[in-house]
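Numbering of ligands and ligand atoms starts at 1, following listing order.
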Amino acid sequence: MAGLVAAWELRQAGYEVLVLEASPRSGGRVHTLRTPFSDGLHAEAGAGRIPNTHDLTLKYVRMLGLPLKPFYPSPNTDVVYMGGHREVAQPGKPLDLTKFGLNLTSREQQAGLDGLGHLYLADGVRECGQAAAANWPQDSLKRYGSVTIADFLKAKGASDSAIALISCGFETDSALDFLRDLASHEVPQLYKIPGGNDRLPLALAAKLSGVITYGARVAKIQPTAQNVEVTVEQGGRQQIVTGDYLITTLPFTVLRHIEVTPGFSEAKQRAIREMKYGAVSRVYVQTKRRVWNAQGNTGFARVDRPMEVWHPTWDQPGPRGLLVAYTYQELAHRIAAQSPQERIQKMTAYFDQIHPGCQDNFELGHSWVWDEQPYARGAYAIADAGTMHTMLPAAMATEGRVLFAGEHCSSRNGWIQGAIESSLRSVAQILKATA
Ligand SMILES: Cc1cc2nc3c(=O)[nH]c(=O)nc-3n(C[C@H](O)[C@H](O)[C@H](O)COP(=O)(O)OP(=O)(O)OC[C@H]3O[C@@H](n4cnc5c(N)ncnc54)[C@H](O)[C@@H]3O)c2cc1C
């Protein structure tokens, strides 16, 4: 998204642009999976939800004439499956959390699953959620940046069970990063693009078709005082492409393996080398029937593992359905270590506990591990305690004629909004430098 938006905006401003894309498709981490599923069903490998507050993302959705619809069905009757106990959460009806074997304080029990985060994080979300592109992260937020979300919650009196449920695998994430991210989730509406979120990058790519070169892997970057030379590998051949400026939108997980001569500044090299990326593995299970609907549930579920359970086909034609396990960090690593077949088998058995009948109706499955994708090598940038204030400014800074964009160089890492924000910043820098 960062590369496409930069190309679009620069071309609108009259510049000649070239997009070098290593893979055969546009969209990067906005990627909708349509195979191997049947009946035209689809599910997201990457970006799933578009918050109504993400003005930049919505601006391009509208510009391209794309529709939006809510991400979650309403009302969303989640199944809660924790400590081996299963209950259906009815909207407005608090669950007795003691049944799930959770060791919560009485305040936490009272707050309920939906109120847990709010109990401890509402003030922090208000303060850190105002991620302003220009001066993010402000010095006033340093106290949030220097502590992990787990320690932040502990200091507020949260029990270990509450910490595990709230942080969802991201215990070592800085409170600043976590709260800023939570602000994008706790909004009045989360949308998706019917037909698949990749319609957004694909629609933009269609407008830029002539300036994109696919299968073009950037192998080396050589900035000079007058221009930037990029060595591109395509079909086993290497060629050098020269431009006045280069906006690199490569994730730092990828850029750290690319030769840069002469090297960038020490601070930039450190950011490229050390920036942390979250791990995400998704496992997809296709069933012949939507057994959860027959049981009066939507298919979404809340569990006591670092994962979300989604039913992305709730608005797609049945009778078949897909369930998705969106797993994070340690669990994502464990799933990555399994064979593709084992991932599907184990997740189907787990889904069967949540929605009995999944196993009997199983047809096929699939998995997507972001750490395994050669052009991503991780899901999205995250900031451990103590790193955001030092690393982000260095990540964003230009190096001569090389500019840095992508979600990892923004105040909204992990979101399309961040990719676009960083892209527009780079475009503005080029316009200013060439005015
Ligand atoms: C699991 C997951 C869930 C997410 N959920 C959401 C969500 O709900 N909502 C939301 O808004 N965002 C979400 N995001 C984040 C969003 O997808 C990203 O922030 C955004 O798409 C990143 O765009 P980008 O342009 O920075 O990077 P990318 O999309 O990674 O683009 C980088 C491009 O560079 C290409 N490339 C890589 N190496 C080379 C090379 N050597 N030479 C040439 N090209 C190369 C890649 O193929 C890719 O096309 C999610 C991401 C993931 C992974």
Consider every N or O of [X] and every N or O of ligand 1, then say whether any pair is closer than 3.5 Å.
X: R29; answer: yes
X: V254; answer: no
X: R49; answer: yes
X: H54; answer: no
X: M1; answer: yes

Any side-chain donor paired with an acceptor under 3.5 Å for S265 and E399?
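Note: S265 and E399 side chains meet the donor-acceptor criterion.
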Under a 3.5 Å threshold, yes or no: a donor from one side chain and an acceptor from the other, between R412 and H54?
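There is no such pair (donor and acceptor under 3.5 Å, judged by atom type) between the side chains of R412 and H54.
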So is A376 touching ligand 1 or not, going by heavy atoms under 4.0 Å?
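In this structure, A376 fails to qualify as a contact of ligand 1 - no heavy atom is under 4.0 Å.
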Measuring from the heavy atoms of L4, does anything fall under 4.0 Å of ligand 1?
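For ligand 1, residue contact (heavy atoms, under 4.0 Å) with L4 is absent.
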Relative to the heavy atoms of [X], which atoms of ligand 1 are at a distance of less than 4.0 Å?
X: G27; value: 29 (O)
X: G48; value: 5 (N), 6 (C), 7 (C), 8 (O)
X: A216; value: 42 (N), 43 (C)
X: A379; value: 53 (C)
X: T249; value: 32 (C)
X: G406; value: 26 (O)
X: L20; value: 43 (C), 44 (N)
X: I258; value: 41 (N)

First locate atom [atom1] of [X], then atom [atom2] of [Y], and finally report the distance between them rounded to the nearest 0.5 Å.
X: H408; Y: T253; atom1: NE2; atom2: OG1; result: 8.0 Å
X: W370; Y: R282; atom1: CH2; atom2: CZ; result: 8.5 Å
X: E372; Y: S281; atom1: CD; atom2: OG; result: 7.0 Å
X: I416; Y: I50; atom1: CD1; atom2: CD1; result: 5.0 Å

If you apply the rule salt bridge (Lys or Arg N to Asp or Glu O under 4.0 Å), what do you find for D198 with R34, and how did you get there?
CA-CA 11 Å; D198 69 348; R34 297 183 176 78; 2.8 Å; yes
Please assess R180 against D173 for the test salt bridge (Lys or Arg N to Asp or Glu O under 4.0 Å), listing each intermediate value before the final yes or no.
CA-CA 11 Å; R180 172 210 55 92; D173 201 10; over 6 Å; no
Minimum distance, heavy atoms only, to atom 23 (O) of ligand 1: which one of P51, A419, G215, A6 is it?
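That would be A419.
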Name the option, out of G414, A47, G418, that contains the heavy atom nearest to atom 15 (C) of ligand 1.
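Minimum heavy-atom distance to atom 15 (C) of ligand 1 goes to G414.
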How far is [atom] from its nearest protein heavy atom, and which residue and atom is that?
atom: atom 36 (N) of ligand 1; answer: L250 CD2, 3.7 Å
atom: atom 33 (C) of ligand 1; answer: E21 OE1, 3.9 Å
atom: atom 3 (C) of ligand 1; answer: Y326 OH, 3.3 Å
atom: atom 25 (O) of ligand 1; answer: A2 N, 3.0 Å
atom: atom 44 (N) of ligand 1; answer: A22 N, 3.1 Å
atom: atom 19 (O) of ligand 1; answer: W415 O, 3.0 Å
atom: atom 41 (N) of ligand 1; answer: V218 O, 3.2 Å
atom: atom 31 (O) of ligand 1; answer: G28 CA, 4.2 Å

Residue pair D315, K192: steps toward the salt bridge (Lys or Arg N to Asp or Glu O under 4.0 Å) verdict:
CA-CA 11 Å; D315 58 337; K192 63 177 179 177; 2.9 Å; yes
Tell me if the centroids of the rings in Y284 and F37 come within less than 6.0 Å of each other.
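When the ring centroids of Y284 and F37 are compared, they turn out to be within the sub-6.0 Å range.
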Any idea which part of A45 is under 4.0 Å from ligand 1, heavy-atom wise: side chain, backbone, both or neither?
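Backbone only.
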Geometric cation-pi criterion R86 and Y81, 6.0 Å radius, 45° cone:
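Verdict for Y81: no cation-pi partner in R86.
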Anything under 30° is parallel, anything over 60° is perpendicular, the rest tilted; go ahead and classify W292 against H355.
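Plane angle between 30° and 60°, so tilted.
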Flag side-chain contact, heavy atom, 4.5 Å: Q238 against K220
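No, their side chains stay 4.5 Å or more apart.
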Within a reach of under 6.0 Å around CZ of R237, are more than 12 heavy atoms found that belong to other residues, nucleotides or ligands?
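Counting neighbours around CZ of R237, 12 or fewer heavy atoms of other residues, nucleotides or ligands fall under 6.0 Å, so no.
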